[in-house]
Every structure is written in structure tokens, then in C-alpha cells.
Amino acid sequence: MLQKRDYEIAKHIQLGSEDANQTIEFAKKQIALARHEMPGLMALRDEFKDRKPFLKAKITGCLHLTIETAILIETLIELGADVRWSSCNVYSTQDEAAAYLANKGIPVFAWKGMSEEEYWRCIGKTLEFPYGPNLLIDDGGDLTAYVLDKRPDLIPSIKGVSEETTTGIRALWKRFHEGKLPIAAIDVNDSVTKSKFDNRYGCLESLIDGIKQATHLMIGGKKAVVAGYGDVGKGCAEALRAYGARVVITEIDPIIAYQAVMNGFEVTTMDEAAMDADIFVTATGCKGIILPRHMDKMKDGALLCNIGHFDVEIDANYLFTNPEIVHEEIKPLVDKFTWKNGKSVLLLAKGRLVNLGCAKGHPSFVMSNSFCNQVLAQLELWESSKKYPPGIYRLPRILDEKVARLHLKPLGVKLTTLNDEQAEYLGVPVNGPYKREDYRY
Ligand code: NAD
Ligand code: RBV
């Protein structure tokens, strides 16, 4: 038990109580199962645990506080770091994971259903290291924005940030182009083993999990619209089609729209698709995708959800504040809205990311990829910071290949090895990297 309370978790969990102990036991069991499913992360732990490379490093993290993230946090600590953590979304915390960490004396500040005001206050609490943090781990850019805009006094002691998701990378580039990025940033999202796996195969599984846990809806036979056919949209569209839905895509990018149609999806606009679809999934990372005019013409029973990072894709505010539309909560994070003519639609997770609000986010195995990249990025920033003046960087491809290798063995994959002659013929080293930097996976 902690002497001084340096954590903030769900109010109903009182550490030390019988109920809390049961919650923590449940977290421990989930963590034991998840560790087995995170072979890459556990291998990095084994590789570095004796050397303790993060000794004296103070890491502030802002990333969904799930069971997988608890294992990332334990890994950073085992490698020597001091860690303080909050979640990057008000609905994504698994309260048992937060309780488990707080009970171990790890300063975590997150609970499912926190308010916006509490969210930002918790980010502030994670910066309360003596003399501030040295490293940031961010997911979506809120922590980075908080530090750069509200606590510039902390910048001199920060060696850099590693950013988890597409939306956070967009925000970093925006700052960079405006000349407002005074720290190094490693773009974890664009490691191939991150965006081409987590964003795609992670969402492929966790989108359906979110929809099913929220609604018990039959997907087969339904018409589904997926807005955005990037890595996330591809995963979502594949998953819905696998269940038997007829999937329609909306896109702004002609190359991506071309990919969608070549993969057999109809591509049209939201204005065209809105009136006769049953399921709507936004996956663009852009704003203003599903607007009042779309919702007004949707058919009775339509289901709306977003899997993009921020709640800017569906105009949920219109549903919650329009006096002409009656709101009924079916259960937490499942809301029904009824128009005067009796038509109703369901909105999941209040328009925030459905897989983390209504389910538990991605499966552990794919998060092992993402979090290996996070650990390797943090190691680069901590041990080789001279290589990284302010700017945006990616991990070298050889490390990306290393992350992939760490996940092949448990899947029983037998990789072919180049012989010297073949390597010479291709002009690549026998042990990689195998592709040019601009190769498109
Ligand atoms: P991406 O850039 O690969 O794909 C987004 C696609 O949306 C692009 O092809 C783009 O052309 C398209 N698009 C943009 N504006 C549009 C508009 N107005 N209408 C239609 N299409 C539009 O990005 P991504 O990696 O697929 O990520 C998408 C979002 O999902 C981001 O916010 C990202 O941070 C988030 N994300 C969420 C999870 C999760 O677990 N929920 C996982 C990974 C990424
Ligand atoms: N994400 N984390 C989880 N189970 O902890 N699931 C998804 C989890 C991350 C994912 O890496 C994505 O880029 C980000 O959430 C979007 O906020």
C-alpha cells in the first residue's frame, strides 16, 4: 500500500478494501494472460532488464490505460525508469489495470468516465516529477500540446516524445511546419510494424468487439459505411465484410479510393450513402464526417460509431443538444436518439473511439508490436539523444524488422534466409534491412 497518495483512480476502488483486492486479482490474471500474448515486449524486457538502460529516466506517458499499457509501464520500470501515467481518452481506461498499477505504487491518474476537466488535470499530475520528465510517450498529441503550450519551463529537460498514433503525428508535423516543435519526436505510428498492424489488424478485431459488446447487433446482411480507407478503415471494412456486411467506403484521396474499389468496395459520398445504410463507422482522423444533414436522413435503427482518435468525426453535439431529438441512455456509452417522426439512431461511446470506449481496445498481440516500437523509440531518445535535434524521426527499418522477427516465432513462422550469393544479387545485407526506406508495404 502507498504511504502518500500519489495516484488517482476510479472513486469506487478504495485500495486496501476487499473489493479492490478482488479487482486487482482480476487485473493480475488478465495481465498474466496478456503477457503471454505480448512476446515481443517480453523479449525486449529480457534483453534489457540486466542493463537497466532507463535508470534515472523519468517518463511521463499519456496513452489509453489498458491491460496492455500496464505491461508496457511495467516493462519501462523493469528497465529502470520512473513512470507517471494518464490515459489519452476519457473512456478508455480499464479501471482494474489502473488499480493494479496504483496498488504497486505506480503514479497513475486515470479512470473510465472522467470529465474533460479531470482529464487535463490528470495530465498535469503526470508532469510532477522533481525537475520534470525527461521523456514523453504520447498518443494523439494532448500531452505534447500540454507541455509545449502550458509548461514550456519543462522543455529543457525533455529529450523527446514518442508518438503512438496517426492523429498525433499530424499534430506534430503541423507544429514542425509552423516552427513550433522545440523537441525531438519519434514517429512510432509510421513504423511498419505499428501502422500496418495495429491500425489495420488491431481495428479489424477491436471494431467488431466494440460494436458487439455495445449492441449485440447482427452485422451480416447489413449495409455498412466506412468513412476513410486508410490503415484503420481497411481493417474496419475487411472486418465488416467478413461478417457479411455490404460495405461502402467514402474517401477524399483518389489513390486510396482506387484501392478500395479494386478491393471490391463501392465508393461514394456520405451524402449518397447516409439514407440507406445500417452501420456507420468513421475512421478518417478528419473532422465533420457525419453531420446533422446526414443523421436527419438516416434510416430507423442506424448505428453510428467512430474509431478515429478524436470525437470530431460525428457531430454528437447535434444529437445531445437538439431539443427536437429525444435522448435515452440504453446503457453507459450506448445512447439512443429519437426524432419526432419516431425514427431513432444509436450512437456508441458518445462518438469517441468505439473500440476503447465500448470494448477493451486492440488485442494484446498486436499491441506488443506497437509497444516494442515505443520501448525502442524511448531507448533511442534516452541513449542517443545527440542524434535527435528537434524534429520528427522514424526508427530505422532494421529495428522494425526486429519487431516483426520477435512476433514470428510464437506464430510458428519459418523465415527463409538469404544465402550470400542471393544477398549479393539483390544488393541487401543477409540480415536486413531488406527494403529501401521508401518501400510501401
Ligand atoms: P490514414 O491517414 O491511414 O487514413 C485516414 C483516411 O481517411 C485517409 O485515406 C484519408 O484520405 C481519409 N480521409 C480524410 N478525410 C476524409 C474525409 N473528410 N472523408 C473521407 N475520407 C477522409 O489514418 P489511419 O492510420 O487509418 O488512422 C485514422 C484515425 O484512426 C486516426 O485518428 C488515428 O489516430 C486513429 N487510430 C485509431 C485506432 C484505434 O484503436 N481506435 C488505432 C489506430 C489509429
Ligand atoms: N490502442 N491501444 C489499445 N489495447 O491498449 N488499443 C488501441 C490498447 C492505441 C492504438 O495504438 C492507436 O494508435 C491508438 O490507441 C489510438 O488512440
Side-chain angles (χ1 to χ4, degrees), residues 30 34 37-38 41 61-73 87-89 91-94 97 137-142 162-171 187-191 193-207 209-210 225-237 248-260 267-271 273 281-291 294 305-313 349 352-371 373-374:
Q30 290 186 78
E37 281 288 289
M38 300 187 86
L41 193 57
C62 179
L63 199 160
H64 309 292
L65 221 179
T66 59
I67 289 291
E68 291 74 29
T69 303
I71 298 174
L72 169 64
I73 293 172
S87 187
C88 63
N89 186 275
Y91 296 133
S92 62
T93 299
Q94 280 177 253
I137 297 183
D138 205 356
D139 180 346
D142 282 349
S162 53
E163 169 56 55
E164 173 85 358
T165 202
T166 319
T167 284
I169 301 302
R170 181 183 52 71
D187 169 354
V188 162
N189 182 67
D190 287 290
S191 286
T193 50
K194 200 286 184 180
S195 51
K196 298 293 167 187
F197 289 79
D198 166 319
N199 302 24
R200 181 165 184 169
Y201 304 111
C203 289
L204 190 154
E205 300 206 15
S206 62
L207 167 72
D209 202 4
V225 179
V226 175
Y229 191 67
D231 292 316
V232 171
K234 285 182 175 71
C236 294
V248 174
I249 304 293
T250 74
E251 251 301 336
I252 52 156
D253 179 330
I255 299 175
I256 308 262
Y258 193 14
Q259 285 183 322
V267 182
T268 187
T269 62
M270 192 58 77
D271 284 308
V281 181
T282 54
T284 68
C286 182
K287 63 181 201 175
I289 304 302
I290 296 184
L291 297 170
H294 302 127
C305 61
N306 164 51
I307 195 161
H309 185 77
F310 283 125
D311 58 338
V312 292
E313 307 208 22
R352 298 188 191 244
L353 50 205
V354 62
N355 58 336
L356 284 136
C358 295
K360 294 176 177 175
H362 294 345
S364 312
F365 198 88
V366 87
M367 290 314 295
S368 177
N369 280 24
S370 312
F371 289 167
N373 282 291
Q374 282 289 3

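For ligands, and for the atoms within them, numbers begin at 1 and follow the listed sequence. What you see is a predicted model; the values in this text were computed from it and never measured.
Looking only at heavy atoms of the protein, atom 4 (N) of ligand 2 is closest to E68 OE1, 3.0 Å. From the protein, the heavy atom lying nearest to atom 2 (N) of ligand 2 is M367 CE, 3.2 Å. The nearest heavy-atom contact from the protein to atom 10 (C) of ligand 2 is D198 OD2, 3.2 Å. For atom 6 (N) of ligand 2, the nearest non-hydrogen atom of the protein is H362 N, 3.0 Å. Shortest contact from atom 14 (C) of ligand 2 to any protein heavy atom: D139 OD2, 3.2 Å. Atom 13 (O) of ligand 2 has K194 NZ, 2.7 Å as its closest protein atom, hydrogens excluded (heavy atom only).
Not a single heavy atom of S195 sits closer than 4.0 Å to an atom of ligand 1. Between C203 and ligand 1 there is a heavy-atom distance shorter than 4.0 Å.
Which of H309, E164, Q94 comes nearest to atom 16 (C) of ligand 2 through a heavy atom is settled by distance: it is H309. Between T167, N89, T166, it is T167 that holds the heavy atom closest to atom 32 (O) of ligand 1. When D231, N373, T66, V232 are ranked by how near their heavy atoms come to atom 5 (O) of ligand 2, first place goes to T66.
Interface of D253 with ligand 1, defined as ligand atoms under 4.0 Å from a residue heavy atom, comprises 11 (O).
Taking each heavy atom of L63 and F371 in turn, the nearest pair found is CD2-CZ, 3.7 Å.
Using a 4.0 Å cut-off between heavy atoms, N355 contacts ligand 1 through its side chain alone, with no backbone atom that close. Looking at N189 against ligand 1, nothing comes within 4.0 Å, counting heavy atoms. At a 4.0 Å heavy-atom cut-off, ligand 1 touches I289 through the side chain alone. Of all the heavy atoms of L353, the ones lying under 4.0 Å from any atom of ligand 2 belong exclusively to the side chain. The proximity of L353 to ligand 1, defined as any non-hydrogen pair under 4.0 Å, is limited to the side chain.
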